Amino acid sequence: MSQDKQPISTEERDKFAQKVRAWLKRNMPSKPDFRLPLTFMEIDNQAQFDYLCDWQCRVYEAGYLGMSWPAEYGGGGLPQVYQDIVTREMARLQAPFMINAIGLSWAGPTILKLGTEAQKKRYIKKILSAEEIWCQGFSEPENGSDLGNAQTRAVRDGDSYVINGSKIWTSQAEYAAHMILIARTDPEAPNKYAGLSFFLAPMDTPGIEIRRIRKMTGEYGFAQTFFDDARIPADTLVGEEGQGWNVAMAVLAFERGAALGQAGGNIMSVITSRDLVETARKSLRDGRPALEDVRIREQLVQFMIEERCLRLGRQRGRDQRLLTPGREFAPMLLGKLQGSEYMRRMAAFAVSMQGGQAPLYVDDPMALDGGVWQRQHMNSYSATIGGGTSEIQRNIIGERLLGLGKG
Amino acid sequence: MSQDKQPISTEERDKFAQKVRAWLKRNMPSKPDFRLPLTFMEIDNQAQFDYLCDWQCRVYEAGYLGMSWPAEYGGGGLPQVYQDIVTREMARLQAPFMINAIGLSWAGPTILKLGTEAQKKRYIKKILSAEEIWCQGFSEPENGSDLGNAQTRAVRDGDSYVINGSKIWTSQAEYAAHMILIARTDPEAPNKYAGLSFFLAPMDTPGIEIRRIRKMTGEYGFAQTFFDDARIPADTLVGEEGQGWNVAMAVLAFERGAALGQAGGNIMSVITSRDLVETARKSLRDGRPALEDVRIREQLVQFMIEERCLRLGRQRGRDQRLLTPGREFAPMLLGKLQGSEYMRRMAAFAVSMQGGQAPLYVDDPMALDGGVWQRQHMNSYSATIGGGTSEIQRNIIGERLLGLGKG
Amino acid sequence: MAAEELKLKYTDEQAMLADSAWGFLRERCTSDKVREWMDLSTGYDTTLWQEMADLGWLGIALPEEHGGSCLPAGALVSVVEPMGRYLLATPFLATTLAGQLLLGTASKAQCREWLPAIAKGECIATLALSDAGGSWVPEHIDVKASRMKKGWRLEGKASGVLELAYADLVLVPARTDQGLAVFAVSREDLSYTAIEREQLVDETRRSYRLDCDGIQLDDSARLGKGDATAAIHDAHALAWLLVGSELTGVADGAFSLMLDYLKTRKQFGKTIGSYQALKHPAVEIMAQIEDSRGLMQYAASVFEGDKGESAVAARMLKAYAGETAAYATDRAVQFHGAFGFTWECDVQLYFRRATWARHVFGDALHHRARLADLLLD
Amino acid sequence: MAAEELKLKYTDEQAMLADSAWGFLRERCTSDKVREWMDLSTGYDTTLWQEMADLGWLGIALPEEHGGSCLPAGALVSVVEPMGRYLLATPFLATTLAGQLLLGTASKAQCREWLPAIAKGECIATLALSDAGGSWVPEHIDVKASRMKKGWRLEGKASGVLELAYADLVLVPARTDQGLAVFAVSREDLSYTAIEREQLVDETRRSYRLDCDGIQLDDSARLGKGDATAAIHDAHALAWLLVGSELTGVADGAFSLMLDYLKTRKQFGKTIGSYQALKHPAVEIMAQIEDSRGLMQYAASVFEGDKGESAVAARMLKAYAGETAAYATDRAVQFHGAFGFTWECDVQLYFRRATWARHVFGDALHHRARLADLLLD
């Protein structure tokens, strides 16, 4: 990933932003007649999937995705700043999000950083074009937060590894071509971490079976994946056997850190406090707009301040001098925790201020904003739980950033 | 302590309450020209001490203290219900509190439950009459919450124990005749708890020195007590040598449970949400009474609801059928945690709603209500920290009442 | 200022009723059953309904002459709290509220017509207390009743009408020239298009919009004679008491699932409940549930006493128990981790029930604003 | 809707200023010194004050012609944040605010009279922005200036006037027939009875009530000519920015004490910071401090730009940093256990400073109400 070695002038930025905006306005797909999901974890059916894949492919082909990734593997070879401008413009115009989120944010960076030359050639371009969708196989039924305790086995047998076990909370499992997979290659290793290895498992391997999981919203989006003597090629190993923990930690650093931006493209639709204010304007409480209730106004302002804090946290990361000495990683490490908790609280509040309309759900014609907040309230937990619960995040930050003792 | 074996009729209750009220109105001392403390932990000077001792003595001599304690040791031998009526009437008329709080609520019940006949005869009556004030020697500088780790040593030598070490956060140490003291008699015991013993140490023992501790309010009220070969009589031991932990747990059950009532008499002045509302009425925010601010009204109502919850918790304890099966001790165990946290939050809020007057302290003529809330805000921590911090309380309740694993 | 003592009244009848209700529902109202009933168009099981009637629940607060037990209305919480705890959704709430509104407005003859059937479980009754936009303030009722040469003609809309599609009796408060009146509308009076089902977050409940335009009623459809405003207020107050009790049960149910999980699920070699980040919120939730129960017991104790006092107590319960249920269900999802996020995990049922119950009949913000006016000025 | 980018400007001068201020204050402003200065009647050390002046701090945002460095006012946060962090209380805040108000209202001659002395640390200046009752809304100013045959006559009261007892120059905004005007009052103009010291929770600060009745001023005492309302508003906005930055430093200082304690104090055989009940709030406080710093950096960046934008940014900072400081100091007391409850423990100093700084120039409730009007309608 290229660093900002050649910062560009403000004029060039503005010009480029204008060009992107114009392209987006011409090329953004019209709203489909079905409901679009808000995040990549909420793909419920094939129509949503196809629509979003088409869109990502079009963005990539226009040169607006993976702009900072190396050109030899299909990237643009440009400074990161261009991608950031595109990402921002996409958010501004509310473009549909990039569906291949795991590929773009986690698998891709990992392969680029730790993969072999062959792996880079094999995978990177198709991640960007959405030709091959990726999913993640970290959590297991018995070890949700305790990644180091993964029990799925991988046994070397000639040119293959034979996988047995099960992974859960795999989003897009049924659409994915590959899975980033953590499995145990050495159960006898001196410590549990040393026994793990990291694979890029092809999902069409015989012996892999997928069972979709229904979410609390009533919809789908996650799956449990079962491995029954699934034989994957040995060259899908990333790093050495036994280095899986270190590779996974690098991946999680991508996930826990900058959930947005980075590899490029917005990976989820952005709900902001402005939407909340609009809902307050439309919502009637005891016959008056909720926006007139002083107590609700107080909360709205509080959300707007917090949202600005989240955005400023990202801005501060761009200038080392603005970061607190000794806590330089704070905005990055806090991003996932604060962002997901903010969204959960905002959605909860958006529902609660709707008064008598609050109990209406998405299929009701009278539901405010089509019930989007009611669904979002439930979906918001995927981010406060997935990728390490908020509780685990606080442990990590307290221990690694603040140097507090392990619990 | 007599149980409610002979419940009395409503008429008798009313008649008795009337009698008490009349007595209080006739006998309550007039407001002194110095400031009175709000709790027994805030005795700052001799004038306050004398005033409060006189009052407790007068209450006792009228037969209104220790009413349910056995008559042979100086108590009234009556059902608890009489004492409860007195306590309530005292609170209602805002009578000064009973100064001998440690004696009434902790030392007294412990001696009555676990002491020898000689100890009961020796100590109980003077606890009630305030002739002998008690203090508590549990916490040590290095082991605030970790009572079981107490390092103060007690070595048997003939008819005495020789004490060495130090205790902190002893309220009224400089006024007290006795201390309930936990000390280590056997450093080699199989576990740390088994090495502890419980004493009723005379404070006039040579070798005991007291250093007053200044509180964050700028006032006094606590002390550190040093023991330097202090020789106390062996017959001040409660229970057997090595049973100190069990005795202390019984004492803490008194402290952590029903901080009010029980042995009799209010042990602190009661600040209620009504006072908060009055402050809101008098407090100007941007030129208007704080009471007109809808956001402040919202908080006031929330405090009033919570206060009612605390009061109802005590009421529910009187009828076993109203308690939740399996959680019968919940209101009792929660009382200290909820009450102290409520007071801390209420005081913090009372300060924060005062706008431009909030930074004024007790000696300022323009300070609202004489700055009582500003001081109370700081003093409120004595209850969220003392007697086991709120964090420790939550552990205890989570583990003992809910059966959750130890951390 | 020290406050007056808060007296809790609790009779042996209430204790027996509670014992029986908790036992019956624990056994009969399992999560499998709740999920089964959820898929029925009416949302409830008629056999169970009849058993409830046989247990006397539908007549708890009805006069003996109409087949009831004549207990104070406060006694109803003894059966409603466990209904929340076990997620039962039957026409009990609607029928009970309608029965009490009948009692408060109707003539003796009208009472005789409906109440015995209600007490026996043979009449599903409901009432239309919310305006079309979801406002639960009686002043916003937008159904209007006009005097015709013969009988009455209704117009206007209502929402949040429970069980409407299969209710035998619908009580409709309406504005008339002489204040508010309540009309008894039979199923036959309603056309197919008058009823629209609401899609609720809570899939166990059945709620409908009612379009009154064109409904023609006989003179006899009007309950009683005088202005019904006070009786309608009483119906609201009873709803706060009952739904507040339901919310207390809902919070307790979610908490109970959470507690089991905290004690059995292990991560990093320890039960997750041994971590303070989960243990301490669990203590806080338990404390709030206990507080809700205290408020519930008090609101029940004073419900038939002074109107001002009972309204304050019931509003406090509705507000506080609602927020308790919100907090308990929120943390129950979070602390179940990824499993909590699934359809399969029962926590979602409590979460959805809480979302419904918190908001109907006025949410916490609504009630706290009213309490501020009642208590602070 | 996606929002516009929030640009953070930070010059090398600001960075150097910050480096030097943090280093200087860390070394010179120890807790022993703070406690020593607290007992002085003026509350500050004149030697240190002169060193601050020599470092150029008093002229940071003053024009070069008057001996200043002519940096944007936003650069002031670079020195004010560490003043909060190390609990320094000098006339810096009052003098700086007064200097900027002079700059915004006074004639060139008046500026020449006062600003060079201010920049050199030779003139302690202050200003009276709050009414007698503690309202920080300019509309409530109750000092009135009446035109006399010669000069002006003041009447009315103000409160919360910093350093008044030993200020060389007091700027007094007052209502006149033609709107608000600002008057320069010298120490000689004030009688002994015009000044009353306020007893603050924060014992490091000096604040006074001012009684203007009977103050007679020359014509020349009026700063500039036109209506001063806008300039007075600007002085408030600068106060929000500076006190918001101070609060950020206060929160960080309390947090820092807490963090040390969490890492060293052991209970039950482990450092107390290893317990989640303390670790997780520590993370939350750190997050809020980082957020406050982001708001501070942004408010400083836009301070000299669009008035609407800069007022919003400064109000957000004041509100958010105030609550952060309240939370940080509250938990710092609690997590220090019994030691936190003592006079000896420095946490109380931060607690008291936070109580003062949160409430002067408008508290969080005040600013959020204004923000609601600015952002929501």
Side-chain angles (χ1 to χ4, degrees), chain B residues 139 141-146 148-149 168-169 213-220 222 283-288 290 293 295-296 344-345 348 351-368 371 374-375 377-382 384-386 389-392 394-395 407, chain D residues 130-137 139-140 159-160 196-203 205 207 209 265-270 272 275-278 322-323 326 330 333-345 347-349 351-352 355-366 368-369:
Chain B
S139 289
E142 288 312 307
N143 302 287
S145 290
D146 191 3
N149 205 24
I168 51 168
W169 320 122
I213 293 170
R214 197 172 175 197
K215 297 188 297 182
M216 67 184 294
T217 58
E219 294 151 355
Y220 292 88
F222 290 105
S283 174
L284 289 183
R285 294 186 54 79
D286 300 343
R288 310 286 315 159
D293 186 316
R295 299 165 302 170
I296 287 172
R344 177 182 64 77
R345 288 186 293 110
V351 172
S352 76
M353 73 181 174
Q354 295 178 16
Q357 283 171 288
L360 301 177
Y361 201 49
V362 284
D363 296 320
D364 194 280
M366 295 282 284
L368 209 64
Q374 280 77 358
R375 179 200 270 116
H377 186 196
M378 293 193 248
N379 269 328
S380 69
Y381 293 96
S382 68
T384 62
I385 292 168
T389 64
S390 293
E391 289 72 27
I392 297 284
R394 292 190 190 100
N395 275 352
Chain D
S130 169
D131 82 350
S135 167
W136 296 93
V137 180
E139 290 70 28
H140 294 157
S159 68
E196 181 185 30
R197 180 165 163 187
E198 296 174 346
Q199 299 299 324
L200 299 181
V201 171
D202 178 5
E203 301 191 354
R205 283 277 183 205
S207 182
R209 275 178 280 271
R265 170 78 171 175
K266 286 188 176 181
Q267 290 281 280
F268 306 105
K270 293 200 291 185
I272 58 175
Y275 295 102
Q276 290 179 334
L278 283 70
E323 303 226 315
D330 166 79
V333 173
Q334 178 72 19
F335 293 170
H336 273 78
F339 178 51
F341 187 60
T342 64
W343 181 257
E344 184 192 350
C345 179
V347 168
Q348 58 101 350
L349 299 172
F351 183 94
R352 288 161 173 264
T355 300
W356 173 79
R358 280 159 59 204
H359 293 102
V360 291
F361 303 105
D363 60 13
L365 272 180
H366 169 88
R368 281 198 298 259

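Everything quoted here is computed from the prediction, not taken from an experiment. Chain letters run A, B, ... following the sequence lines, proteins first, then strands; residues in each count from 1.
Contacts between B:Asn149 and chain D at a heavy-atom distance below 4.5 Å are absent for every atom of the residue. Heavy atoms of B:Met353 lying under 4.5 Å from chain D are absent altogether. For a residue to count as touching a neighbouring chain, one of its non-hydrogen atoms must lie under 4.5 Å from one of that chain's; by this rule D:Ser130 does not touch chain B. For B:Ile213, the part lying near chain D is the side chain, with the backbone staying farther off; criterion is any non-hydrogen pair under 4.5 Å. With a threshold of 4.5 angstrom between heavy atoms, B:Asn379 approaches chain D through its backbone and through its side chain. Of the atoms belonging to D:Ala369, heavy atoms from both backbone and side chain fall under 4.5 Å from chain B.
Going from atom CD1 of D:Ile272 over to atom OG1 of B:Thr389 covers 9.0 Å, rounded to the nearest 0.5 Å. The distance from the OG1 atom of B:Thr217 to the CH2 atom of D:Trp343 is 8.5 Å, given to the nearest 0.5 Å.
Contact between D:Phe335 and B:Glu391 at its shortest, heavy atoms only, is CE2-OE2, 3.5 Å. The shortest heavy-atom contact between B:Val351 and D:His359 is O-NE2, 4.0 Å. Closest heavy-atom contact between D:Ala338 and B:Ile385: N-CG2, 3.3 Å. Closest non-hydrogen pair, D:Arg358 versus B:Ser352, comes out as NH2-CB, 3.5 Å. Between B:Ser390 and D:Gln334, the closest heavy-atom pair is N-NE2, 3.9 Å. For the pair D:Phe341 and B:Ser382, the tightest heavy-atom approach, listed with the atom from each and the gap, is CZ-CB, 3.5 Å.
With chain B as the partner, the residue from D:His140, D:Gln348, D:Glu344 showing the most heavy-atom pairs under 4.5 Å is D:His140. Of the listed residues B:Gly371, B:Ala348, B:Ala358, the one with more heavy-atom pairs under 4.5 angstrom with chain D than any other is B:Ala358. Of all the listed residues (D:Arg209, D:Glu196, D:Glu198), the one sharing the greatest number of non-hydrogen pairs under 4.5 Å with chain B is D:Arg209. Ranked by non-hydrogen atom pairs under 4.5 Å with chain D, the options B:Arg394, B:Gln357, B:His377, B:Arg375 are led by B:His377. Of the listed residues (D:Val333, D:Val360, D:Thr355, D:Leu365), the one with the most heavy-atom contacts under 4.5 Å to chain B is D:Leu365. Of all the listed residues (D:Arg352, D:Lys266, D:Arg368), the one sharing the greatest number of non-hydrogen pairs under 4.5 Å with chain B is D:Arg352.
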>> As a quick check of understanding, evaluate side chain to side chain contact (heavy atoms under 4.5 Å, CB included) for B:Leu360 and D:Leu200, giving each step before the final call.
In response: CA-CA 5 Å; B:Leu360 301 177; D:Leu200 299 181; 4.0 Å; yes

> Could you go step by step and tell me if B:Ile392 and D:Phe268 meet the side chain to side chain contact (heavy atoms under 4.5 Å, CB included) rule?
Replying inline: CA-CA 11 Å; B:Ile392 297 284; D:Phe268 306 105; 3.5 Å; yes

>> Using side chain to side chain contact (heavy atoms under 4.5 Å, CB included), reason through D:Asp330 and B:Arg344 one step at a time and then give a plain yes or no.
In response: CA-CA 10 Å; D:Asp330 166 79; B:Arg344 177 182 64 77; 3.0 Å; yes

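In this pair, B:Tyr381 and D:Phe351 present their aromatic rings perpendicular. The plane angle is above 60°, beyond the 30 to 60° band.
We find that B:Asp363 and D:Arg197 are not joined by a salt bridge, their nearest charged nitrogen and carboxylate oxygen being 4.0 Å or further apart.
For the pair D:Val347 and B:Met216, the minimum side-chain heavy-atom distance is 4.5 Å or more.
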